[in-house]
Q: 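Questions regarding the structure given below will be posed in turn.
Every chain is numbered from 1 and lettered A, B, ... according to where its sequence line falls, protein lines coming before strand lines.
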Amino acid sequence: MKKIRKIIGLFAAIVILAACQKDLLDTAPYGSISSGNMWQSENLADLGVLGVYSALRFDYTGLNRLYFDELSFTAQNRDPEENVLMVTGTITSSHPLFTNYWKQNYEGIHRANDALANLPEKAPLPEEKRGRLIAEVKFLRALFYFNLNMVYKGVPVYLEPVAPDQANRARETEAKVWEVIINDLTDAITEPNLPNMYQPGDANFGRATKAAAYALRGKAYLWMKDYARAEADLRKVGTLGPELYQGPYERLFKEENEQHPEMIFSVQNIGLDGYGSYTQKWLSSRVAYGSGWNVVMPAPDFVESFENADGTPFNWDDYLPGYTTMTPEQRVVFFLRDGLTNEEKAYFTDLGADMSKYLDVGNEARIKQVYDNRDPRLKATIITPYSQYFGYLGGEEATFTLRWPYRTDQDPERDLRTDTNNKFYYLWRKWVYEGGNETPDAWYCPTDQPLIRYADVLLMLAEAINEQRGGDAEAVNLVNTVRQRAGMPDISGVSGQADLRERIRNERRWELSMEGINLFDEMRWGTWKDKKFYSGNGTKQIWGGQNTFNYNWKGDYLYTWPIPRDEVERNSNLQQTPGWIE
Amino acid sequence: MKLSALLITGMMYVMSYAQTYDIQGQVTDKTGNPLPGVNVVVKGTSQGTITDTEGHFKIANVSPSTVLVFSFVGMKTTEVPVGNQTTINIVLEEELMGMEEVVVIGYGVQKKVNLTGSVSSVNFGDLADQRPMTNVSSALAGLSSGVVVLQSNGNPGKDGATILVRGLGTLNNNNPLVIIDGMEGSLDAVNPNDIESISILKDAASAAIYGSRAANGVILVTTKKGKKDRMNVIYNGNYSFSSPTHLMEFVNDYATHMKLMNESARNIESAEPFTQATIDAWLNAKKNPNALNANGVPNRIAFPNTDWVKEIYQKNIVQDHILSLDGGTEKSTFLLSFGYLDNPGLVDRTGIKRYTLRANLETNVNNWLTIGTRTWGFTQEKDLGNYDTALEYLFQTTPGLVSEYNGKYGFPEAPGESYYANNIAAILNNTLGLDRSSYFNTTLFSKVKILKGLSWDFNFNFARQFDEGTATTNGDVYERIKFSTGEVMAPKWVPSELYTSRRTSSNRGYTLENLLRYSATLADVHNLDVLLGYNEQYYYEYYHTGMKKGLIDKTINTFNSATQMIEIRGDANDWALRSWFGRFNYVFDQKYLFEANFRYDGSSRFDPSKRWGLFPSFSAGWRISQESFMQNIDFINNLKIRASWGKLGNNATMRDGRIDNYAYQATYGITRYSLNGLQVPGLAPSMIANKNLTWESTTVSNLGIDVSFLRDRLFAEIDLYNKLTNGILTVPPIYLTLGMVDPPIRNTAEVLNKGIEILGGWRDKTGDFSYSVSGNIAFNKNMITKFKGKLIREWRDGEYYTNLGDVSDVDWFYYLRRLEDHIINEYYLLDVYKGDGTYFNSDGSVKVKGGPKDGMIRTQKDLEWIQAMTAAGYTFLPNENISKQGIWYGDLIYADNNGDGVFGNTYDYDFRNYSPMPKITFGAQISLKWKNFDMNMVFAGNAGYKLYWLERGYNFTNTRIGFQLGKMIENDHYYFNESNPSDPDNNTTAKYPRLKLQYDDPQNIQPSTYWLHDASFVKLKNLSVGYTLPLSISKKLYTERLRIYFSAVNLFTITSFPGPDPEIGMHTNYPIMRQIAFGANITF
């Protein structure tokens, strides 16, 4: 009995001791750093700055800006969904596009503000590094404000950390925000420790540089229509090390060239989950490695805009006499594959194709020449009918051909299969990986996504010069520099400022398609409405005609995006963009 | 130590000097039938026996001062002083009302008549005998007033119901606290057959002893124990035939599907996707389904008309078996049980198999020490049938492909069909592997009697769950065949493309508890119970997952054998809680009842300065029927009024449906980036912390009355309550300008629930026939009483002003809002436009209040009206333009509620006084017993609520090539062929809008009252009929008791809701099972 009592006594003592663990309630997260410790060491300061860079991985700060082409001249989306409501004319201010664009860029801004508040004093850093990091963060902050100001034309400005309930400032004017951007970029440019460029293979490759800062400031001046300053900055970029890649245009967008001196500033990608792009999923086809969805596709208007190889304008009738006077349904005949079965012929006759023009042999060759004799960038950028694509299917690499109508992706045909096989669309070649080894996965592709490259800078410089000195020979030369790399003859017969302006614009469309630049160019030029929303336009098949869906221009107010509806409701200091109905 | 030693010595002295002799006798009922199995115990000891089959008993060594206690289920417990008798024959009277009924309450039990709080108690042991149960929570429906039980998913293993006690008290976690044998746990982890009883503590007085986290009510589960002095082997089991209660249908005749797709293209002037030749081919093939096509393939395969719902959902047989062994000696009792549940589910490869074990042991080591354990666990295996993905894609396919034929998966057959029409059967099978959960829970306890009336309980509980999963791509399902030609349209995935992943997650926790209890009766009229306790809890969980790609063979999937690293992830989480609590209970003369509770809780989820919360409660009762002036009123047997007030807490810091354990601490989380082709980590603030975060508290006042009349045959309980929750822990949206950072969790709104609960019934017995009928109903009114301010909507200088975004929050579903003076998550919707049916004024100008009466442009007049309105400057959102591609015949238009001339803009939304939560909950039970037959029925239902139902593939009229169409819109959608007003397909009086081959066109799918439906329903949750074999027969089968039964679960539902089972909610999900079961309860 006594023994048991003792045991119980001992047990009770243990129990009471165990119960007195003082820190039982002081739990802390297992996977993060407490804010009190942040910025207190060189390592943490480095990580904090990389945290600002990683804000480039959001859709609308950097990573997926290229898909904005679907809203513009160069591309089209296969379905009238999500952001495409912008062009179908039913988008409202509560659409996630506006909300996310706003939030993501402000996220980058707040991260930058936090870094800029702590880097100067709290972080123990060597002075040269401190200066460089501050300059990098200012560049990034300028980039985020740049993204915002291009579309919202004036937004609230925060340049220091802000308490959650204080984030209710009113909009600054568009000019004021440009000023903020110019200030940050000027600070970055004047920082002596910010390198001009990084050599390929440098451990810091991917960070902001002086070349990037000058290029972005030049672009800002272009938006501000301050062409003289734009010219000076853009001219400066060329002295800092960038150069045009001189290989074939299509190789420029491969991983091997992502560090070429043409790439001035890129969103860094690698082939690891969460670190790459998903161009392969979005742009490629079912016979590409990772089985893509061809969500965004080249717009037929864009394809038709490419010049002939000799620099003359393209016209369908030159290749297929009578094409433009036929109905779109009749034109289908030109795109059909050789050797149609009788059933297939009957089917297309039913659909209204002018089968009298069908050639059992040679139908493919006839349409192929339409694309073969063009600006080489066309075939480098786009998979055109009866051209080949080196893809991957069923565990092996194979070459596929884009044919109409689709039969099978197996031998012997090896037709290029898409998610839209019941329609005949152009497909992107640019950004689409070939074979089975170029990307580890369709959801994390390794190639860096340029936000600024030298060809863009050269064409902006041409624009800045032409706007000041219409038709200037130097501007023409700059355009020709870009054309020569592409394998196109020089432009000739420039008739003045307006003509050169149009040529520069076209050159930008051909050169910079699917890089997230075209939409903002068209908005800046005020050409978006005419180029995208002309009556009858829509997402369409190669031969045009009845659209998959139509585009609708609801009014010029579309040029300035609305502040997200929720934010206008929450922050009564914000005035909604005029024209947007709530 | 000294004192209790003295006490023990004293007791031994008394016992050894007493004079003893033996007693025998017989126990019978009123009609003279012997009662076997009656418990006969010497009062105050554990000495006792059980009557034999003839009702005889025998007890040795009793003294004249002994009192014998006779107890038997359904009979009044009777005490007989022995005196000098050696033979005691007694007649036990039936207990009608259960005056001595004992109810499990927090940290103890209490006689029901002495309760001052509001407690519902369910005799779960009986219930589990009567019907198949795949889980505990859904079986509670209809059984107690004020408790909403909604089973929204029938997927085995995820089929637990949501339980709400007295409405939605808060904006965050509303789940009641579940206590299993004194320890926090999960209701559905317990084997239903192991449960003896369940108590639901509804008001603050009864729940406050659990202070923290008791704000949403407490569910107390008590498991069975062994019974002394006998041993039983009990088998309960059943087989049930299960089928879905409700299924939605799609158009499955492919020719019709194609026709409708063409119609939807025509409607918006788009090209028809299917040619008439294709449609005709299907029509012809259907006439000769077994004829062979040119390639020797039967027409039914070459020209498919697949009904995907039939392909996916199947009937099955659920088995449930439990074997238990219980018994004991004078000093010890035990209960061992083993259970097996095999629920194959209604969808291929989604079933579970579950094995449960339990050992409840208790022993009196000596007269002052009792020790024991309650140890239990389960292991569960779930197949990886990819139901969630299959459901997501179920409408993203068409009838135009074969699901499976000769073991291969089909591909769309028709030209014009989308090549990405999914094969749902393939999706369901695209992952191989298994999920296994193992759970172990043990409590060791001791009870020490220190002094008379004073005891110390020590309980230690340890629980651990370990989940492991493997998943490997089933590459074979990616092969798709166009059966009409035999072409392989997509190949199998080769091993190098297959992924394999592993997941392990585990949690562990302990609870340590010390309780001091003291009870005393002073001067015979003062009953005193005091409890003091200490409790601490710690919980830790982690997960690890890994994924690799590239196998050497499709059958080999270990990580070592896979080639390419994809990812490894893992995280961990913990929380702790420390509490002191106490209770003081005082009863005077069985008439006046008083109780006070307190609990002082500290939670690791709050900053040290905000960590502690005090939760007190007080309650009182008056048993009027015990008063002398009531003694002459015969027809009232029991009358008690009760009142209580108390405060409860909640520390559920929820964010996105999950608890954030560290919301008060500001942290920087890891971000991803790379430089020069190498990954580099970054750090960025991941959320805004709130140092001031503290307990959410709920104050409940309760007023109750219990009555019974006419020899306890008629009884009723009525409760009125007022439940005010403030400082609700929620995540109010922050300025979007703050970026992507997670908003802080804050103590925000105040919510009031007011309600009344009524429970009543009648029970009686005449001869061999006994019956009872009871019902319960509860009305609850929910309102946010304080939030971010009042809503202002008004015209200011010609501009319409609203502060809606400032003062209200949007729920996950954007059409549910929270605003002061409104129901939590109230519907916030547009109205469809309702004109007066006239069109133009006599001067030819358009009548602004005219136009279509029911919201849809149906006639030429309607169209002319809207054209004239648009010409007059009015705007109709969202499409604005009046054209076939915009607003046309068969489109809905919306009301201009604020009068700004824009019809259907953001200012025209309004609150609807309804939420998806029922205002009225009710249930009814009927049980009948005649001789050896018994029958039970349970009805349950909810009323006073609406569900917004607009779901792709079911009642959605925007179409897309490759997507299904709901059967319900096939014949009831608007169609008007303008070129042929007598087209037989014209249907201008249809309910649903016109079809549009434009999937995201918002015109007809704006959140409007058009899609809001009354969801009230009543279900026959259970009907069971049983027959107990006469003793003479069951004896021959070597059993003591043998009952066989038939039972039906969810037999029928009465509702006007057009969508899926209203219990499931606003979206189609895994259907709930209807079960028809045959089973047996056998005691050996």
Side-chain angles (χ1 to χ4, degrees), chain A residues 15 18-19 24-25 27 29-35 38 47-48 50-51 53-54 57 80-81 85 90 99 102-104 106-107 110-111 156 164 167-168 202-206 268 270 272-275 347 350 393-395 408 410 419 421-422 546 549-550 564-567 569-571 581-582, chain B residues 270-271 275 277 415-416 418-420 458 487-488 491 494 496-497 512 536 566-567 571-572 574-576 578 602 604 611 662 665-669 671-677 679-684 686 688 734-740 804-806 878-879 885 902 905-906 998-1000 1002:
Chain A
V15 163
L24 176 74
L25 300 181
T27 58
Y30 286 83
S32 47
I33 295 278
S34 103
S35 57
M38 190 61 195
L47 296 185
L50 289 168
Y53 275 100
S54 69
R57 296 203 55 80
E81 288 164 15
L85 298 192
T90 47
T99 311
W102 183 273
K103 283 172 73 174
Q104 290 168 5
Y106 272 108
E107 174 67 22
H110 292 299
R111 288 186 190 181
N168 59 349
D202 190 306
N204 281 322
F205 194 96
Q268 300 292 298
I270 51 177
L272 273 179
D273 192 8
Y275 293 85
Y347 179 77
D350 266 4
L393 185 68
T408 173
Q410 302 292 303
D419 259 4
N421 263 348
N422 51 4
Q546 208 155 26
F549 56 92
N550 295 336
R565 181 195 291 169
D566 284 349
E567 192 67 344
E569 282 185 4
R570 268 173 220 159
N571 177 2
I581 298 176
E582 298 295 326
Chain B
S270 185
T275 60
S418 163
Y419 281 64
Y420 56 103
F458 170 71
E487 277 174 282
V488 178
V494 293
S496 65
E497 291 181 6
L512 181 152
E536 71 174 49
I566 302 294
E567 64 165 16
D571 203 358
D574 64 351
W575 58 261
R578 176 172 280 173
S604 66
R611 187 166 277 170
Y662 314 103
Q665 308 177 57
T667 58
Y668 282 67
T671 64
R672 299 164 176 201
Y673 205 62
S674 60
L675 289 176
N676 190 38
Q679 67 189 105
V680 288
L683 285 171
S686 41
I688 299 173
I734 49 174
Y735 295 119
L736 300 179
T737 312
L738 289 165
M740 312 279 285
L804 183 77
D806 215 16
N879 263 317
Q885 293 188 354
V902 184
N905 64 355
T906 180
Q998 196 172 358
Y999 210 56
D1000 269 10

Q: Flag the one option from B/L736, B/T667, B/T671 with the top tally of heavy-atom pairs under 4.5 Å to chain A.
A: B/L736
Q: Grab the two heavy atoms, one from A/D273 and one from B/I566, that are nearest each other, plus how far apart they are.
A: CB-O, 4.2 Å
Q: Please rank B/S674, B/S686, B/A684 by heavy-atom pairs under 4.5 Å with chain A and give me the top one.
A: B/S674
Q: What option among B/M740, B/Q665, B/E567 has the most heavy-atom pairs under 4.5 Å with chain A?
A: B/M740
Q: Would you mind telling me which of B/G669, B/G677, B/A277 has the largest number of heavy-atom pairs within less than 4.5 Å of chain A?
A: B/G677
Q: Against chain B, label A/I33 side chain, backbone, both or neither, depending on which of its atoms sit under 4.5 Å from a heavy atom there.
A: both
Q: Please look at B/T275 and chain A and tell me whether the side chain, the backbone, both or neither of the residue comes under 4.5 angstrom of a heavy atom of that chain.
A: side chain
Q: Quick one: does any side-chain atom of A/N168 pair with a main-chain N or O of A/N571 as donor and acceptor, under 3.5 Å?
A: no
Q: Contact part of A/R570 toward chain B, heavy-atom cut-off under 4.5 Å: side chain, backbone, both or neither?
A: both
Q: With rounding to the nearest 0.5 Å, note down the distance linking CG in B/D571 to OG in A/S32.
A: 8.5 Å
Q: Indicate yes or no: at least one non-hydrogen side-chain atom of A/N204 is less than 4.5 angstrom from one of B/N676.
A: no
Q: Taking side chain as everything from C-beta outward and backbone as N, CA, C, O, which of these in B/S270 sits under 4.5 Å from a heavy atom of chain A? Side chain, backbone, both or neither.
A: both
Q: If I take atom OH from residue B/Y673 and atom CZ from residue A/R57, how far apart are they, to the nearest 0.5 angstrom?
A: 7.5 Å
Q: Under a 3.5 Å threshold, yes or no: a donor from one side chain and an acceptor from the other, between B/T737 and A/E567?
A: yes
Q: In terms of heavy-atom proximity below 4.5 Å to chain B, should A/D202 be classed as side chain, backbone, both, or neither?
A: backbone
Q: Side chain, backbone, both or neither: which part of B/I734 has a heavy atom under 4.5 Å from chain A?
A: backbone
Q: Could you state the interatomic distance from CD (A/Q104) to OG1 (A/T99), rounded to the nearest 0.5 Å?
A: 10.0 Å
Q: If you count heavy-atom pairs within less than 4.5 Å of chain B, which of A/A203, A/G48, A/G31, A/S34 leads?
A: A/A203
Q: Using a cut-off of under 4.5 Å on heavy-atom pairs, state which of A/P156, A/G274, A/G206 scores highest against chain B.
A: A/G274
Q: Relative to chain B, which segment of A/Q410 carries a heavy atom at a distance below 4.5 Å: side chain, backbone, both, or neither?
A: side chain
Q: Need one label for B/Q679: side chain, backbone, both or neither, based on atoms under 4.5 Å from any heavy atom in chain A.
A: both
Q: How far does CD of B/Q885 sit from CZ of A/F549, to the nearest 0.5 angstrom?
A: 11.5 Å
Q: What part of B/Y662 gets closer than 4.5 Å to chain A, counting heavy atoms only: side chain, backbone, both or neither?
A: side chain
Q: Is it true that A/E107 and A/K103 have a side-chain N and a carboxylate O under 4.0 angstrom from each other?
A: no
Q: With respect to chain A, which residue among B/P415, B/P1002, B/G602, B/A572 yields the maximal number of heavy-atom pairs within a distance under 4.5 Å?
A: B/A572
Q: Are the side chains of B/Y735 and A/P164 in touch, meaning some heavy atoms are under 4.5 Å apart?
A: no
Q: Below 4.5 Å from any heavy atom of chain A, which atoms of B/P681 appear? Answer side chain, backbone, both or neither.
A: both
Q: Given the options B/V680, B/L804, B/V494, B/D574, which has more heavy-atom pairs under 4.5 Å with chain A than any of the others?
A: B/D574
